[in-house]
Participant: 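Below you will find the structure I want to go over with you.
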Amino acid sequence: MSQMTAVNVIRIEKGKGPEVAERFAKPKSVHTFPGFVRMEVWMKQESEDHDELHVCTTWEDEKYFTEWREKRAVEKAKIRAEQEKNQTGTPPHNPILGTELSTYVTMVQHLPADQ
C-alpha cells in the first residue's frame with residue numbers, strides 16, 4: 001500500500017472563495033472513513049478572474065478513496081432526489097463554476113526531524 005492524495009480543484013466566482021471554503025470548516029463524514037489520513041483546503045492567491053480552492057484529501061491507499069467516493073455518490077443521489085421532491089421555488093445560487101479531480105501517489109515524503 002502507498003498513500004495517495006486526491007486534489008479537487010474548484011473554480012468559484014470571484015470573491016466567493018472564502019464563502020465556499022467555509023463549507024469545509026467543520027469535519028464531516030470523510031473524517032471518520034477508514035483509510036482517511038487528512039484534509040487540507042487551499043485557496044489559490046492572485047487569481048484574476050475567479051477564485052480557486054484546492055480540496056486535498058490524503059488516504060492510506062487508493063482503495064479507501066475509491067470506497068469513499070462510491071459511498072458519497074450514493075448519499076448525494078439520495079439527497080438530490082429528496083431535494084427535487086421537496087423543491088417548490090428557484091434553487092439557491094451556486095457560485096461554483098466547475099471542478100477538476102486529480103489523484104497522486106506519494107512517492108517520497110519527508111517529515112520533520114525529531115527535536
Participant: Between Lys16 and His50, is there a donor-acceptor pair closer than 3.5 Å when you use the side chain of the first and the backbone of the second?
Facilitator: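 Flag not set: sc Lys16 to bb His50 has no pair under 3.5 Å.
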Participant: Are the ring centres of Trp59 and Phe36 closer than 6.0 Å?
Facilitator: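 Between Phe36 and Trp59, which both carry aromatic rings, the centre distance is below 6.0 Å.
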Participant: Closest heavy-atom contact between His93 and Glu13?
Facilitator: NE2-OE2, 2.8 Å
Participant: Kindly indicate whether the side chain of Val37, heavy atoms from C-beta on, has any atom under 4.5 Å from the side chain of Glu60.
Facilitator: yes
Participant: In Å, rounded to the nearest 0.5 Å, how long is the span from CD1 of Ile10 to CZ of Arg23?
Facilitator: 8.5 Å
Participant: Find out if a path of hydrophobic residues (ILVMFWY) with successive side-chain heavy-atom gaps under 4.5 Å connects Trp68 to Phe24.
Facilitator: yes
Participant: Verify, without hydrogens or angle tests, whether Thr32 (side chain) and Ser29 (backbone) share a donor-acceptor contact under 3.5 angstrom.
Facilitator: yes
Participant: Under a 4.5 Å side-chain heavy-atom rule over Ile, Leu, Val, Met, Phe, Trp and Tyr, are Leu101 and Val55 clustered together?
Facilitator: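 Result: yes, single cluster for both.
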Participant: Is the number of heavy atoms from other residues, nucleotides or ligands under 6.0 Å of Gln109 CD greater than 12?
Facilitator: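 Yes, because the 6.0 Å sphere around CD of Gln109 holds more than 12 heavy atoms from other groups.
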Participant: If I take atom OG from residue Ser47 and atom NZ from residue Lys14, how far apart are they, to the nearest 0.5 angstrom?
Facilitator: 5.5 Å
Participant: Looking only at heavy atoms, which two atoms of Gly17 and Leu53 are closest? And how far apart?
Facilitator: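 Residues Gly17 and Leu53, closest heavy atoms: O-CD1, 3.9 Å.
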Participant: If you measure from the Lys or Arg side-chain nitrogens to the Asp or Glu carboxylate oxygens, is any gap between Lys63 and Glu67 under 4.0 Å?
Facilitator: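 So Lys63 does not pair with Glu67 through a salt bridge.
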Participant: Do Glu100 and Asn8 have side chains that approach each other closer than 4.5 Å (heavy atoms only, starting at C-beta)?
Facilitator: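 SC-SC contact between Glu100 and Asn8 ruled out.
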Participant: Within the structure provided, determine whether Val30 and Met39 are in side-chain contact (heavy-atom separation under 4.5 Å).
Facilitator: yes
Participant: Would you say the side chain of Leu97 lies within less than 4.5 Å of the side chain of Ile12, judging by non-hydrogen atoms?
Facilitator: no
Participant: Verify whether one side chain among Thr106 and Ser2 offers a donor that lies under 3.5 Å from an acceptor in the other.
Facilitator: no
Participant: For Arg69, I'd like to know if atom CZ has over 12 heavy atoms of other residues, nucleotides or ligands within 6.0 Å.
Facilitator: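 It does not: Arg69 CZ has 12 such atoms or fewer within range.
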Participant: Say you draw a straight line from NZ of Lys28 to CZ of Arg72; how long is it, rounded to the nearest 0.5 Å?
Facilitator: 10.0 Å
Participant: Are Val7 and Val20 grouped together when hydrophobic residues (ILVMFWY) are joined by side-chain heavy atoms under 4.5 angstrom apart?
Facilitator: no
Participant: Heavy atoms, side chains only, cut-off 4.5 Å: are Ser102 and Val9 in contact?
Facilitator: no
Participant: Are Val108 and Val105 in one and the same hydrophobic cluster, where Ile, Leu, Val, Met, Phe, Trp and Tyr link if side-chain heavy atoms are under 4.5 Å apart?
Facilitator: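 Yes: a chain of side-chain contacts under 4.5 Å links Val108 to Val105.
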Participant: Hey, what do you get for CZ (Arg11) to CG (Asp49), rounding to the nearest 0.5 Å?
Facilitator: 9.5 Å
Participant: Using only atom types and a distance under 3.5 Å, with no angle test, would you say the side chain of Asp61 pairs donor to acceptor with the backbone of Gln3?
Facilitator: no
